[in-house]
Amino acid sequence: MSGRSKTVSFTIDGITVTAREGSTVLEAALDAGIYVPHLCYMAGLEPSGSCRLCVVKIDGMRGLPTACTTLAADGMAVQSDTDEINAVRRDVVELLIADHPADCLVCSSNQRCELQNIAAHLGVAQTRLRREPKPPDIDDSNPFFTKDLSKCVLCGRCVQVCHTVRGVGAIDFAGRGYDTRIAPAGGLIADSLCESCGECVAACPVGALSLKRETPAPSREVTTTCPYCGCGCGMVLGVRGNRIVRVSGEEDSPASHGQLCVKGRFGLDFVNSADRLKTPLIKRDGAFEEATWDEALDLVACKLNEIKAKHGPDAVAGLSSAKCTNEENYLFQKFMRATVGTNNVDHCARLCHASTVAGLARAFGSGAMTNSIDELEFADCILVAGSNTTEAHPIIALRIKAAVERHGAVLIVADPRRIDLCRFAALHLRQRCGTDVMLFNAMMNVIVSEGLEDKEFVPSRTEGLDDAWSAIEPCTPEAAAVVTGVPADEIREAARLFAAAERASIVYSMGITQHTTGTDNVLSLANLAMLTGNVGRESTGVNPLRGQNNVQGACDLAALPNVFPGYQKVDVPELREKFEQAWGVALSGQPGLTVVEMMHAAEKGNVRAMYIMGENPALSDPNVNRARAAMDNLDFLVVQDIFLTETAEHADVVLPGVCFAEKDGTFTNTERRIQRVHRAVAPPGKARQDWEILCDVATRLGYPMEYGDPSEIQDEVAQVTPIYGGITYDRLRKGTLQWPCPTADHRGTPYLHKGEFSRGLGKFHATPFREAAELPDRNYPLILSTGRVLYHFHTGTLSRQSDGLEQICPPGNIEIHPEDAAKMRIKDGESIRVASRRGEIEARAFVTPRVRKGMVFMPFHFHESPANVLTNDALDAIAKIPEFKVCAVRVGKIRKKGGRKRRTKPRATRT
Ligand code: SF4
C-alpha cells in the first residue's frame with residue numbers, strides 16, 4: 001500500500017540510531033535495543049506521556065520531554081540515562097509505590113511486574129514518602145480475571161486497549177485527582193460491556209488485572225493457530241509438562257496481530273479435559289466397551305468392505321471435518337474416493353457456506369473471500385450483511401471498527417437483529433428474515449436508476465447485466481420496502497453511500513448463505529459489487545466470513561462431493577484421469593451426496609454405512625430428530641472424534657483422534673491464508689493422529705496409504721492442487737501464504753480478480769426475489785432464526801468444556817421481542833416451549849428489542865435446547881444448503897403439572 005518509507009538518523013547516548021520517519025524517540029530506542037523505562041507506553045497504542053518515566057534530555061529542547069510523545073528527527077542528540085533523568089524517574093517510582101501494596105512476593109505479577117522491574121532497574125528499594133497503601137479493592141465478577149484497584153498505577157493501557165483496539169469501551173477513567181480510578185460502566189466487570197477477551201489483562205503492566213487461574217510459568221512456547229473460528233488467529237501456547245498453562249496472541253500473526261477473543265484466550269480447557277476419548281470403543285448390546293486399536297480398525301474395515309461388496313461403494317458416505325487440518329481433509333476425501341470408491345464425501349461447509357462456493361464460483365470463477373482481512377480497515381464503505389461479526393468473527397470485527405473509528409469509513413449493517421456492530425453503523429437496514437435478495441436488488445435498482453453504476457468496470461470486466469436487470473427492475477425501493485420492511489429512503493441512502501465510495505467492501509456470513517435462496521443471495525451481492533466496480537482492488541470485494549477454523553481448507557482440499565482438491569470437478573474426464581494417475585486407481589465421475597442428502601439417503605436405506613470424522617450432525621444438522629433417526633437406520637456408523645459427542649453416541653465404533661494442540665499440519669483461514677498448526681502437547685491415552693488412523697483403515701481396505709508425516713501429505717497436495725502448488729512446510733516456516741499460490745516462487749495472492757476474473761469476465765446473474773420455504777401462519781406465527789454467540793462455538797463440543805464460558809453464557813436462551821412477549825404474557829427469564837412442524841424444545845425467554853418484531857432467535861450450540869430440532873431441512877436447489885435462518889415456530893408457556901389449566905397454545909401474532 002505504501003512505497004519505501006523514509007528514515008531518520010540520530011543519536012541516543014552517543015549511539016547512532018536509524019528509525020522509520022514518524023517513529024517516536026521511545027520506539028526508536030526500543031527498536032535499537034536501548035532500554036528506556038516506561039509504564040504507560042505500549043506498542044500499538046497512542047502514547048500519552050502520562051507516567052513520565054520515559055523522560056529524556058534532547059539537545060536544543062527545554063526540560064525533560066517524554067520519549068514516547070517526541071518524534072525522532074534527523075540529527076537529534078538524545079540522552080536517556082543521566083543522573084538528572086534517573087533522579088526524576090526515581091521520584092516517579094517512589095510516588096507510585098507510596099500507595100501501592102507491598103505484597104510483591106504473593107502478587108500474581110511477581111517477576112513480570114513492570115513497576116517492579118523499573119524499580120529494580122533504578123535501584124529504588126523503598127520510598128521516602130509516607131506509605132499509605134490502598135486497601136484491596138477487588139472486583140471478582142469475571143470468571144477469568146480479577147481487578148484489584150489497589151494495585152492500579154493509572155497508566156491507562158487497559159482503557160486504551162478496550163476502547164481503541166477492541167472497540168468495546170467496557171472500562172474507563174472515573175473520578176478526579178487522587179480519587180481517579182478505572183471503572184467498568186456497569187459498576188462490576190460482569191455488568192459492563194466486557195467481552196472477556198483478556199486484552200486488558202495482557203496490557204496491565206502490574207498486578208491490577210490478573211488471571212484467576214494462576215499457573216506456573218511455561219517452560220516452552222509453541223506458536224500455532226486457533227482451533228475455533230475462521231479468523232485464524234495466531235496464538236502462542238505456553239506449555240509446562242504436558243499442559244497448556246498460558247495462551248497469548250501471536251504478535252506477528254498477519255491475520256490477528258496479537259489479538260485473541262475470549263474463546264481463543266480462555267476456551268482451551270477441552271485439551272486437558274478428563275472427558276477426552278482415550279481408547280477405541282466398540283458398541284456391544286447397546287453399550288460401548290473399550291477395545292484395542294486392532295479390534296476397532298479391523299471391525300471398521302470389515303464392515304465397510306462388507307457393505308461396499310453387498311450394496312456398492314455409494315452405499316457408504318463420509319463426513320470430513322472443518323476442525324481437522326488440510327492434510328487430514330485431503331486424506332479423508334482420498335480415502336472415500338480412492339479406497340471406498342465413492343464421491344459421497346462432504347462436511348459442514350454444506351451447512352454454512354455451500355452457497356458461497358456455488359455463488360461466487362458462478363459469478364467470479366472462484367468461491368472464496370476475494371480480499372484480505374487487513375484490507376477491510378482501509379475501505380471507505382463496508383456493507384455487513386447477515387454477519388454478526390463481533391460475535392462470530394470477533395477479530396475481523398476489530399478491522400471493521402477500526403475502519404469506522406480511525407479512518408472514517410461508512411458502515412452499513414443489513415441484519416434483522418440489532419447486532420453490536422450497529423453501534424458503529426451509519427445505517428442499519430433491518431430487513432425481514434429471508435428478504436435479502438429483494439433488499440440488494442432494490443439497492444441496485446437505485447444505483448442504475450440514478451446512473452451511479454461504474455461505467456468503465458461494467459462494460460469492460462463483466463457480462464450479463466441485461467439479464468440481471470430483468471430481476472432488478474421490478475425491485476423499486478417502494479416495492480422492496482413492502483417486502484423487506486426497510487423504509488424506501490433508507491434503501492436509497494444505502495445504495496448512494498455504497499455507490500459513492502471509492503473502495504466499497506461487502507462482508508457477509510451465514511445470515512446470507514443459510515437459506516433456500518442462499519445462492520441467489522450470494523449472487524445478488526456479487527452483482528452489487530460488480531455493478532459498482534468493487535472487485536479486483538484492495539479494500540473492496542465480496543468477503544464471506546467462513547465459520548470454522550479450517551472450513552476454507554476442507555473445501556479447498558475437496559471434502560466436497562463434486563470436486564477433487566482445488567475445485568477440480570469430478571465429472572470432467574481429464575481432471576478425473578489426472579487423479580486416477582496420481583492415486584493409481586479408477587475413480588467415480590458421479591458427484592456424490594451432500595450432508596443432508598446423505599441423511600435422507602440413510603433414512604431410505606440407500607446409504608448403509610457412514611464414516612464421520614470430527615463432525616456432530618446429531619446437533620448441527622437441520623431437523624435434527626430426522627438426522628438422528630437416519631443415523632440409527634444405518635447398518636454401520638464409525639465416528640472419529642476427541643469426545644463422545646451426541647453423534648458418537650449413535651456409533652458402532654468410536655475412534656479417538658487428537659485435537660489441534662496435539663498435531664502438526666495446516667489450517668486455511670477465511671482469507672485463504674494457509675497457516676501452520678504445531679504440536680504442543682501429547683495426546684491423552686491411546687488417542688492417535690487422525691491422519692494415521694485414516695491410513696490404517698485405508699490399508700486394511702486394500703489401498704495402502706503411507707506417509708512419514710503431514711509434510712509429505714502436503715507435498716502430495718501441492719502436486720495435484722494448482723492453487724496450493726507452491727505451498728511447502730519449508731516456505732510456511734518463514735510465514736503464511738494466501739492461495740492461489742501455484743508455484744514455489746509465487747508470493748501468494750492477497751486479493752483476487754485483479755485485472756481479470758478467475759472465469760474471465762465477471763458474470764451478472766438474474767436473481768428474482770423468492771420467499772423462504774416456510775413462512776409464518778396462524779399455527780406457527782413467528783420466524784425462528786438461529787446463529788452463534790460470542791462465548792460458544794458450533795455444537796459446543798470444545799467451548800462447553802470451559803466453566804468460565806459456561807458461566808458467562810449458560811444454555812437455552814431464546815430472544816423474543818418485547819411486544820411479542822407481551823402478547824403472549826411471557827416474562828423475561830421464563831421457561832417457554834418453542835415448537836415448529838418438526839419438533840419442540842424448551843428454552844428461556846430473553847425479552848429484547850434486539851430482534852425484530854415477529855422473529856425469535858436462538859443459538860444452536862446447546863444440546864439442552866437443541867435449536868435444530870426446530871429448523872427446516874429444505875435445501876437451496878443449487879448449493880444444497882439448508883434453511884437454518886428461516887422457519888416458522890410458535891412459542892408458549894409451559895403448562896405446570898397439577899396447576900390451574902393454562903392456555904398452552906400461544907396467541908397468533910401478526911408478522
Ligand atoms: Fe480464535 Fe476466532 Fe477468537 Fe481468533 S476470533 S481467537 S480465531 S475464536
Side-chain angles (χ1 to χ4, degrees), residues 1-2 44-46 160-169 193 195 197 199 229-233 249 253-261 369-415 418-429 443 493-509 511-512 525 528-529 532-546 669-671 673 738 750-752 790:
M1 281 180 218
S2 59
L45 303 183
E46 272 302 303
Q160 244 206 92
V161 163
C162 191
H163 282 253
T164 62
V165 178
R166 306 298 300 208
V168 175
L193 294 171
E195 295 175 354
C197 67
E199 287 301 325
C229 86
C231 292
C233 297
S253 164
S256 52
H257 307 286
Q259 298 295 306
L260 293 172
C261 79
M369 184 164 168
T370 58
N371 290 58
S372 297
I373 295 169
D374 273 1
E375 292 173 32
L376 285 170
E377 185 169 341
F378 303 99
D380 302 311
C381 178
I382 304 174
L383 168 62
V384 176
S387 159
N388 185 3
T389 323
T390 57
E391 297 209 48
H393 296 89
I395 299 306
I396 293 178
L398 301 186
R399 301 274 69 76
I400 297 173
K401 293 177 189 177
V404 176
E405 298 272 279
R406 291 188 204 154
H407 307 291
V410 173
L411 175 64
I412 303 167
V413 171
D415 201 297
R418 192 182 300 147
I419 56 173
D420 182 54
L421 263 191
C422 294
R423 291 193 291 129
F424 301 82
L427 262 182
H428 176 200
L429 311 175
M443 284 175 67
E493 192 182 348
R496 289 168 190 156
L497 287 170
F498 192 85
E502 172 61 25
R503 295 177 302 265
S505 180
I506 296 170
V507 171
Y508 73 89
S509 196
I512 289 299
L525 286 174
L528 177 61
T532 50
N534 279 302
V535 192
R537 292 182 291 125
E538 276 183 6
S539 303
T540 64
V542 182
N543 298 295
L545 305 184
R546 308 299 300 260
N669 81 346
T670 188
E671 58 178 346
R673 187 181 297 282
Q738 286 171 280
Y751 64 93
L752 303 175
L790 172 64

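- Proximity of a side-chain donor or acceptor of N669 to a complementary backbone N or O of C231 within less than 3.5 Å is detected.
- Contact annotation: the side chain of I400 never approaches that of F424 to less than 4.5 Å [non-hydrogen atoms, C-beta and beyond].
- Of all heavy-atom pairs between V410 and A426, the closest is CG1-CB, 3.9 Å.
- R406 has a carboxylate O that lies under 4.0 Å from a charged side-chain N of E377, or vice versa, which qualifies the two as a salt bridge.
- Put simply, OH on Y751 and CZ on R537 are 9.5 Å apart, with the number rounded to the nearest 0.5 Å.
- Under a 3.5 Å cut-off, the side chain of E199 and the backbone N or O of Q259 do not form any donor-acceptor pair.
- Distance alone, capped at 3.5 Å, is enough to place a donor-acceptor pair between the T670 side chain and the R546 backbone.
- A pairwise comparison of heavy atoms in L260 and G249 identifies CD1-N, 3.5 Å as the closest pair.
- Between the side chain of S372 and the backbone N or O of D374 there is no donor-acceptor pair closer than 3.5 Å.
- For E391, the side chain to side chain donor-acceptor pair (under 3.5 Å) partners are N388, R850, not counting sequence neighbours.
- If you take CD1 on I396 and SG on C229, they are separated by 6.5 Å, rounding to the nearest 0.5 Å.
- Taking CG from D380 and CZ from F498, the interatomic distance works out to 11.0 Å, rounded to the nearest 0.5 Å.
- Between H428 and D415, the closest heavy-atom pair is NE2-O, 2.8 Å.
- Side-chain atoms of E405 and T164, non-hydrogen and from C-beta on, never get closer than 4.5 Å to each other.
- The backbone N or O of N543 lies less than 3.5 Å from no partner atom in the side chain of T370, so there is not a single donor-acceptor pair.
- I382 CD1 to R399 CZ: the interatomic distance, rounded to the nearest 0.5 Å, is 10.5 Å.
- Across all their heavy atoms, G169 and L193 have their closest contact at O-CD1, 4.3 Å.
- Residues C381 and I412 have side chains in contact (heavy-atom distance under 4.5 Å, counting atoms from C-beta outward).
- Nearest heavy atoms, C233 versus S256: CA-OG, 3.4 Å.
- Contact of the L545 side chain with the M369 side chain is registered, since non-hydrogen atoms from C-beta on lie closer than 4.5 Å.
- No side-chain N or O of E375 forms a donor-acceptor pair with one of S505 less than 3.5 Å apart.
- Distance check, rounded to the nearest 0.5 Å: CD1 of I419 to OG1 of T389 gives 5.5 Å.
- Without hydrogens or angle criteria, Q738 side chain to E671 main chain gives a donor-acceptor distance under 3.5 Å.
- Side-chain contact check for T532 and N534: at least one donor-acceptor pair (N or O, by modelled atom type) lies under 3.5 Å.
- Counting all heavy atoms, side chain and backbone alike, I506 lies closest to L525 at CD1-O, 3.5 Å.
- In this structure, E195 and D420 have side chains that are in contact, with non-hydrogen atoms separated by less than 4.5 Å.
- We find the NZ-OG1 distance between K401 and T390 to be 6.0 Å, quoted to the nearest 0.5 Å.
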